[in-house]
Amino acid sequence: MAYWLMKSEPDEFGIEDLYRSPQQTAPWDGVRNYQARNMLRDQMQEGDLVLFYHSSCKPPGVAGTARVVRAGYPDSSAWDPESPYFDPKSTPDNPRWYRVDVQWCSTFPRLVPLDRLREVPALAGMPLLQKGNRLSVMPVTEEEWQTILGLAGV
DNA sequence: GCCAACGTTGGC
DNA sequence: GCCAACGTTGGC
């Protein structure tokens with residue numbers, strides 16, 4: 001089983017939106033970056049655990065956890081002309097983009113802010129904290145996972 | 001709103 | 001295949 005961190009803007013889709021989804025489950029779609037796509041398509045497996053990160057908000061940080069309940073499958077929003085994620089280069093016969101389904105697991109009693117993550121030496125290697133990193137899906141080590149859950153007080 | 005960093009596009 | 005221009009991300 002692997003651990004991941006996934007970013008979402010809470011104005012668009014935050015952990016409360018996942019909590020309120022049917023079966024507390026939602027597709028994680030709209031990822032349009034090849035590096036992230038490869039992880040969604042090739043690596044993320046049912047049962048993997050996810051840190052749900054809130055970005056582009058005040059303050060940004062880890063808001064809770066989720067679980068992958070369906071491994072990578074084609075992101076049909078790419079061939080929906082009505083979707084903001086429409087990409088005419090992706091077709092059902094030759095899908096370019098992928099998504100997974102995630103289910104809500106926990107909302108932290110308090111968000112663990114990005115500032116706090118930066119203070120912890122054990123987390124210094126996280127891609128999230130590297131200058132210029134823009135990946136919206138990234139792997140997390142078990143040690144990092146445990147450290148962040150510790151910071152969240154859970 | 002700014003801007004650094006990075007990815008993508010397209011002319012050549 | 002290079003690289004300048006442009007678009008996007010996301011913290012500040």
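The sequence lines fix the lettering, A, B, ..., with proteins before strands; numbering per chain opens at 1.
Candidate nucleotides C:dG11, C:dG10, B:dC6 were compared by shortest atom distance to the side chain of A:Lys7, and C:dG10 ranks first. Nearest to the side chain of A:Lys131, among B:dA4, C:dC12, B:dG7, sits B:dA4. Among the nucleotides B:dT9, C:dG11, B:dC6, the one closest to any side-chain atom of A:Arg134 is B:dC6. Comparing C:dG10, C:dC12, B:dG7 against the side chain of A:Leu114 picks out C:dC12 as the nearest.
Salt bridge status for A:Arg118 with A:Asp115: absent, with no side-chain N to carboxylate O gap under 4.0 Å. A salt bridge is defined here as a Lys NZ or Arg NE, NH1 or NH2 lying under 4.0 Å from an Asp or Glu carboxylate O, and A:Arg37 with A:Asp75 fails to meet this definition.
Following rounding to the nearest Å, A:Asn133 (CG) and B:dG7 (P) show an atom-to-atom distance of 9 Å. Rounding to whole angstrom units, CD of residue A:Glu12 and C1' of C:dG10 are separated by 14 Å. To the nearest angstrom, C1' of C:dT8 lies 14 Å from OH of A:Tyr85.
Checked against a 6.0 Å centroid threshold, the rings of A:Tyr34 and A:Trp97 count as neighbours. Between A:Phe52 and A:Trp28, a ring centre-to-centre spacing shorter than 6.0 Å is recorded.
Look at A:Tyr53 and you won't find any side-chain N or O under 4.0 angstrom from OP1 or OP2 of C:dT9.
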